2 protein chains.
Amino acid sequence: MSGSRGRALGIRGVAEKAGVSISTASRYLNGKRVRPDAEKRVAAAVLELGYLPNRVAQSLRRRRTTTLGMIIPDITNPFFPAVVKGVEDTARSAGFAVVLLNSGDDGVRESECLAVVHSLRCDGLLMIMAPLGAHQLRRRPAAPHELKLPGVYIATAPDFEADLVMADDARAAEQAVRHLVSLGHERIGCVAAESDLSVHRNRFEGYRSALRKAGLPEQPENQVRARPTVADGYSATAQLLARSPRPTALFATSYRLTIGVMSAIESDGLRCPEQISVIGYDSYDWQDVFHPRVSVIGQPAYLMGARAAELLLARLSGRKTGPPERILLQSNLVLRESSGPAPRS
Amino acid sequence: MSGSRGRALGIRGVAEKAGVSISTASRYLNGKRVRPDAEKRVAAAVLELGYLPNRVAQSLRRRRTTTLGMIIPDITNPFFPAVVKGVEDTARSAGFAVVLLNSGDDGVRESECLAVVHSLRCDGLLMIMAPLGAHQLRRRPAAPHELKLPGVYIATAPDFEADLVMADDARAAEQAVRHLVSLGHERIGCVAAESDLSVHRNRFEGYRSALRKAGLPEQPENQVRARPTVADGYSATAQLLARSPRPTALFATSYRLTIGVMSAIESDGLRCPEQISVIGYDSYDWQDVFHPRVSVIGQPAYLMGARAAELLLARLSGRKTGPPERILLQSNLVLRESSGPAPRS
DNA sequence: TTGAAAGCGGTACCAA
DNA sequence: TTGGTACCGCTTTCAA
């Protein structure tokens, strides 16, 4: 009746009830051939006892846990859930469970997370680096590659060779700004995340590159860096808006910054896109319905997670060998209504 | 130099290098008293070897994994990340890691998740039930309480006694609708999640209760149920809006439904709140900046996760005993601009 | 094919 | 206090 009455007996109990040796039970459970009648008896015993193998014991013996660690800055940032989902879905299809750790945008906590993953003996690691203090990673506990822990980095590249899945940030940013240029904007500001992560550097470079290619001046006075929070995005934008002449378009390099930018624009009583255009980062369904409908660069978040997990799994199974791979996924420009023609001066 | 060169020797290696027995090394590592010089030598060996205890082995022997399973419908629904964070933060402070599983709103997958948690021998379970097919939970693998797996439910109550952390959905919904009434609305529609989960039932009941207490008619023609997706929220709302006379206010019982409702309203060319008011569910920072600024009921998501984890941890440690506890947390009505006076007919 | 037995890396009991 | 050792539950030789 019940699947787990009394103390769990383990495989020993199954073997006894089936009248076979532990070895035979184990073999059956692992899909190896056993004599037909034994097969039936073991199967029956398993069912009756509601037996589920103890993965802790399996892990100890097999020296693999079929478990993946995933370290992310903060699940509360809406970009991450989709990549986590991508990871989880593909990991689970392969029988792997994932342990999720939030580093809290903090380099030292990130190191602690790494220690947990190591201590748990996860077979592999999916890592999205923290924006602040990522350099800490180079201290003890060591970086993944020093731990010889198979790992793939997501979204942002570490400063050593490693498997990596990232979006084409520079290209996408450049395209976004080029679009602004094509709309007639000449003073294009940038509210950039203050971070030494490659993601953010690349986005900023994409912005500058677009300016350059368009023959527009460097305009450092229209660029400002901010910690990637709504509040800091707001004040950074307020600064920019105070300039005279002020920019007619703004590019924000992260989700929270985008919210901050829009908020500051509204506070200033500016109409978007009539008086000022903006293109932000990361795309969500609510943006299709709330105003101003903000134009953004959308990242293939789910896919990034899925591809990263696939690569890691392939590495673990030995299906894939060779030098570190770098997978570049395409972002796409989602044009909504916050980007319009430059106002005539 | 390196923390993990060559094959890991384990505690055995530490003991050897320190010139003590394995037992002594183990004792030291577990904070028990050992003779002072041994203490120093072991500490040095640990450092030099970069030794980190193998939690798999510890778990097998101690029969506890210091690991929590957490099953949620879909991390991609923005309500969940905050509760996950609450869980993770408090779990980690207590030395617990959390394994995150998405049930995908699907009852049978939810059962599989449960099997994984069981197989992994997680010490406890945090469960947010899936909206669809939750009844499946009563099949094999059994429900948590049948597995004798300590667990606390979050957000929605199972149909048996269990530790539980939930928001005061009925009260909050009633308050929201009462507010609409106080604004002069009489035809108040409800776009309710089609689900037998207690969360959703309670919200709907809160709505009806407010109507009743206000002496307003039942108006079933203004109520519609929809699967909790943006698309279904949209079409359900479209239906409601086609009625004549149409409702002057709408209450949506979930986040995605709220988006769908706003979208349908806009498609109909209705101005909100001038022509129609709405109060939705779940509060996010972007709602303060994008229009219409939607009024919603905000749940204490992070706190729900944190309290649930606390309770579970207390249960595991034996600090807390006794009958199932039911923790009720307060939601709050966030009035923004989508709720205004009823239009004069 | 099958069963006995040796571990996997720790913990904890027991005698010294 | 310390060291020797059985054991946690399962996998995997190895010999029969």
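Given the structure is predicted, the values throughout are model-derived calculations rather than measurements. Naming convention: chains lettered A, B, ... in sequence-line order (proteins, then strands); numbering from 1 in each chain.
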Inset, instruction - Please list, by residue number, the residues of residues 23-31 of chain B whose heavy atoms come closer than 4.0 Å to an atom of DNA chain D; answer none if no residue qualifies. - result: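 Contacts with DNA chain D under 4.0 Å: B/S23, B/T24, B/R27.
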Between atom [atom1] in [X] and atom [atom2] in [N], what is the gap in whole Å?
X      : N      : atom1 : atom2 : value
A/R64  : D/dT12 : CZ    : P     : 10 Å
B/R55  : C/dC8  : CZ    : C1'   : 18 Å
A/I22  : D/dC8  : CD1   : C1'   : 13 Å
A/L52  : D/dC10 : CG    : C1'   : 14 Å
A/R61  : D/dT11 : CZ    : C1'   : 5 Å
B/L9   : C/dC8  : CG    : P     : 12 Å
A/H118 : C/dG9  : NE2   : C1'   : 13 Å
B/L49  : C/dG9  : CG    : P     : 14 Å

Inset, instruction - State whether the side chain of A/T156 and the backbone N or O of A/S198 hold a donor-acceptor pair below 3.5 Å, judged by distance alone. - result: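 Yes; at least one donor-acceptor contact below 3.5 Å.
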Inset, instruction - Decide yes or no, distance alone: a donor-acceptor N/O pair under 3.5 angstrom between the base of C/dC8 and the side-chain of A/R63. - result: no
For residues [X] and [Y], is any side-chain donor paired with an opposing acceptor at under 3.5 Å?
X     : Y      : value
B/S59 : B/R121 : no
A/S93 : A/T90  : no
B/S21 : B/T24  : yes

Inset, instruction - Please figure out whether B/V34 or A/L60 has its closest DNA chain D nucleotide nearer the 5' end. - result: B/V34
Legend entry - Position toward the 5' end of DNA chain D (nearest nucleotide), B/R33 or B/R121: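 Taking each residue's closest nucleotide, the earlier one in sequence belongs to B/R33.
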Taking only side-chain N and O atoms of [X], does any of them lie within less than 4.0 angstrom of OP1 or OP2 on [N]?
X     : N      : value
B/R12 : C/dG9  : no
A/Q58 : D/dC10 : no
B/R62 : C/dT11 : yes
A/R35 : C/dT2  : yes

Legend entry - Note: A/E310-A/R307 ion pair, threshold 4.0 Å (strictly below): yes
Inset, instruction - Let me see the working for A/E39 and A/R35 under salt bridge (charged side-chain N to carboxylate O under 4.0 Å, His left out), right down to the final yes or no. - result: CA-CA 6 Å; A/E39 186 168 321; A/R35 73 175 186 281; over 6 Å; no
Legend entry - Qualifying residue, where the test is side-chain contact (heavy atoms from CB on, under 4.5 Å) with B/R55 and the options are B/T66, B/T65, B/L60: B/T66
